[in-house]
Structures are given as structure tokens and as C-alpha cells.
Colleague: 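Can you read through this structure? Questions will come right after.
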Amino acid sequence: RSPNVARILQNGWSQLAVLAPDSPQIHLFQGGQFHKYQPECTELPQAASSTDWYRGWRDHLGFAAIH
């Protein structure tokens with residue numbers, strides 16, 4: 001309902017994910033619709049710091065464990 005939030009999501013500046021309260025399924029909002037999220041890997045990447053994880057990247061990054 002918020003034009004500002006809609007613009008942020010439609011332009012890909014941010015991502016929206018929701019978790020249903022009655023299941024472990026995550027849905028991503030893309031292209032104006034919610035789609036089931038399918039993880040690309042089952043292992044969580046690790047990095048020494050957040051800077052090490054995002055250095056050199058401009059696009060969205062997945063989750064990582066920071067030690």
C-alpha cells in the first residue's frame with residue numbers, strides 16, 4: 001500500500017521475505033508476487049568479518065556466518 005515501499009521492492013533495492021506462522025516455508029516477494037524460496041545451498045558460508053563477506057560485491061548477497 002505504500003508507494004515508497006513498492007518502489008523500493010520493484011526496483012530491486014531491497015528484498016522482502018516472509019515466513020508463514022504455521023510452516024517453515026519462506027516466500028520471497030518478486031515481480032509483484034510471492035514465490036516459494038528455494039535455497040541455493042544447504043551449507044551456510046563463513047567469513048571472518050562482514051567486510052570480508054561483502055568486499056567486491058555490488059549485488060545482493062546471501063546469508064553467511066560471521067566469526
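Each residue takes its place number in the sequence, starting with 1. Because the structure is predicted, anything quoted here is derived from the model rather than measured.
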Colleague: Under 3.5 Å, is there a donor-acceptor pair between the side chain of His67 and the main chain of Ala47?
Modeller: no
Colleague: Drop me the distance from Arg55's CZ to Ser49's OG, to the nearest 0.5 angstrom.
Modeller: 6.5 Å
Colleague: How long is the span from the CD atom in Gln38 to the CD atom in Gln25, to the nearest 0.5 Å?
Modeller: 6.0 Å
Colleague: Which atom pair, heavy atoms only, marks the closest approach of Gln30 to His35?
Modeller: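 Closest approach of Gln30 to His35, heavy atoms only: O-NE2, 3.2 Å.
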Colleague: To check you understand the geometry: which heavy-atom pair defines the closest contact between Ile8 and Ser14, and what is its length?
Modeller: CG2-CB, 3.5 Å
Colleague: If you compare all heavy atoms of Ile26 against all heavy atoms of Ala17, which two are closest, and at what distance to 0.1 Å?
Modeller: CG2-CB, 4.0 Å
Colleague: At what distance, to the nearest 0.5 angstrom, does CH2 of Trp53 lie from CD of Gln46?
Modeller: 10.0 Å
Colleague: Considering non-hydrogen atoms only, spot the tightest contact between Leu9 and Phe29 and give its length.
Modeller: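 In this case the closest contact between Leu9 and Phe29 is CD1-CD2, 4.0 Å.
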Colleague: Cluster question for you: counting only ILVMFWY and a side-chain heavy-atom cut-off of under 4.5 Å, with indirect links fine, are Tyr37 and Leu19 together?
Modeller: yes
Colleague: Does the side chain of Leu28 reach to within under 4.5 Å of the side chain of Phe34, using non-hydrogen atoms?
Modeller: no
Colleague: Please report the interatomic distance OG1(Thr51) to CD1(Ile66), rounded to the nearest 0.5 Å.
Modeller: 9.0 Å
